[in-house]
Number of protein chains: 2
Amino acid sequence: MHRPRKEMIAETRAKLIAAARQAFGTIGYAQASMDDFTASAGLTRGALYHHFGDKKGLLEAVIAEIDAEMAARVNEVASRAPTRWQHFVDECTTYIEMALEPEIQRIMFRDGPAVLGDPAQWSNANACVGSMAGHLSALQREGVVVDSLDPETTARLINGASSQASQRIANSNDPEATSKMVVAAFKQLLEGLLSKPQSRPS
Amino acid sequence: MHRPRKEMIAETRAKLIAAARQAFGTIGYAQASMDDFTASAGLTRGALYHHFGDKKGLLEAVIAEIDAEMAARVNEVASRAPTRWQHFVDECTTYIEMALEPEIQRIMFRDGPAVLGDPAQWSNANACVGSMAGHLSALQREGVVVDSLDPETTARLINGASSQASQRIANSNDPEATSKMVVAAFKQLLEGLLSKPQSRPS
DNA sequence: GACAATTACATACGGAACGTATGGGTGTTA
DNA sequence: TAACACCCATACGTTCCGTATGTAATTGTC
């Protein structure tokens with residue numbers, strides 16, 4: 001009883017991505033031996049080169065998967081906010097919380113940029129920033145945010161601050177306390193975007 | 001006529017650092033062959049391992065050198081500002097301008113964090129952030145900046161936004177125009193730190 | 001339903017890069 | 001001047017990557 005071939009192929013691809021994600025997220029991209037983590041998936045480098053071209057190609061696939069997960073989680077959490085500005089703020093803080101996970105930090109914020117270059121140029125992984133930029137331009141149309149700013153540029157800057165925020169929390173020896181400090185400073189920066197001093201949801 | 005030995009040693013160290021800096025800044029840390037760039041300095045890997053332990057140790061030395069240069073340049077430029085807040089803003093924008101250089105981008109913002117981990121943990125390279133944090137706390141004492149924020153945390157967040165700002169400018173196909181957009185968005189974020197709407201120097 | 005052609009992967013090979021162990025040569029010190 | 005310490009080069013083994021090749025299984029065609 002043979003399963004259809006498409007499924008077998010998709011399964012090996014998924015196994016390779018999962019094994020690579022595990023290795024990249026723990027020991028890091030450079031330290032991850034292709035022989036080792038392909039073997040842990042019951043395969044060899046032959047399969048890897050066939051499906052992904054090279055090690056970088058596999059990293060791109062891993063990043064695309066993580067990016068999609070992050071975007072889904074962000075939207076899921078933030079969609080419950082009452083106002084659009086609150087939605088936007090929740091989006092940012094959720095992003096920070098996700099970036100606390102070592103796997104995401106390592107792959108998305110360290111090894112990814114080092115190996116693949118500027119994340120803004122990644123063709124397959126811009127979901128989070130795109131969503132943030134969309135909300136920013138909507139907020140501009142509503143007059144909440146100063147309208148002289150370019151949305152995507154602003155989203156990128158916030159993104160950079162977020163990643164630093166996460167790193168600071170993650171490397172702290174008192175994560176609870178520093179988390180409050182970091183989020184406070186972060187929200188303070190965000191308020192610079194507001195066009196007028198107005199009532200702010202807590 | 002033999003020079004004293006200390007000078008010879010310092011010279012080989014400097015030559016290794018310079019060669020490594022050139023290689024790391026152009027082709028990147030991972031692609032830089034130790035055999036190649038030591039040979040370009042008229043040396044071999046023996047000298048490298050003797051003085052720096054390993055490739056990472058040499059990268060640390062390169063980073064320390066660049067960090068010192070950056071701190072000197074930032075202070076040099078920003079010290080001419082009339083007000084302390086303006087001084088702080090100039091410090092940030094100068095930082096962004098410096099980060100436009102490919103060598104600094106690559107070594108300080110990409111390969112450095114990927115190889116050595118969170119820059120906040122670097123023992124030898126915190127001059128810029130330290131200076132910014134110092135100015136922030138002074139501004140807090142003067143009532144210009146909201147005093148509920150932790151200075152170093154805030155400086156780190158700004159630092160993250162700065163590096164994204166630089167990357168965006170550097171990778172743009174119209175650097176002049178995007179530079180204006182990026183700096184505008186950046187300054188807008190900074191104004192979130194001000195305790196009250198007050199007269200802002202242009 | 002046989003046979004050709006393509007696909008999916010494993011295996012084998014060569015080369016590059018790293019780390020260590022070792023050795024030679026030069027300056028310093030007694 | 002003789003022993004010593006240090007600076008650096010050389011030699012070697014190992015690990016890892018990329019390509020080239022091989023093989024079994026599947027698909028397409030008549």
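In what follows, chains carry the letters A, B, and so on, assigned in the order in which the sequence lines appear, proteins first and then strands, with residues in each chain numbered from 1.
Both A:Thr12 and B:Ala32 sit near DNA chain C, but only A:Thr12 has its closest nucleotide nearer the 5' end. Comparing A:Asp36 and A:Gly53 against DNA chain D, the residue whose closest nucleotide sits nearer the 5' end is A:Asp36.
Here the P atom of nucleotide C:dT6 and the CD1 atom of A:Ile9 are 16 Å apart, to the nearest Å. Rounded to whole Å, the distance from CG on A:Asp35 to P on C:dT11 is 11 Å. Look at NZ on A:Lys55: it is 12 Å from C1' on D:dG18, rounded to the nearest Å. Look at CZ on B:Arg45: it is 10 Å from C1' on C:dT20, rounded to the nearest Å. Protein atom CE of A:Met34 is 12 Å distant from nucleotide atom P of D:dC16, rounded to whole Å. Distance, A:Met8 CE to D:dT26 P: 9 Å, rounded to whole Å. Separating the CD atom of A:Glu11 from the P atom of C:dC9 is a distance of 10 Å, rounded to the nearest angstrom. Rounding to whole angstrom units, NE2 of residue A:His50 and P of D:dT21 are separated by 18 Å.
Between B:Ile158 and the choices B:Thr153, B:Leu193, B:Leu189, the side chain to side chain contact (heavy atoms under 4.5 Å, CB included) rule is met once, by B:Leu193.
Scored by the side chain to side chain contact (heavy atoms under 4.5 Å, CB included) test, B:Ser163 finds B:Phe109 as partners (sequence neighbours excluded).
An OP1 or OP2 oxygen of C:dT11 is reached within less than 4.0 angstrom by no side-chain nitrogen or oxygen of A:Thr44.
Taking the six-membered ring where the residue is Trp, B:Phe24 and B:Phe37 present perpendicular rings, their angle passing 60° and hence far from 30°.
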Would you be so kind as to tabulate the donor-acceptor pairs closer than 3.5 Å made by side chains of residues 113-122 of chain B, with sequence neighbours excluded?
residue  : atom : partner  : partner atom : Å
B:Asp118 : OD1  : B:Ala120 : N            : 3.1
B:Asp118 : OD2  : A:Asn171 : ND2          : 2.5
B:Trp122 : NE1  : B:Gly117 : O            : 3.2

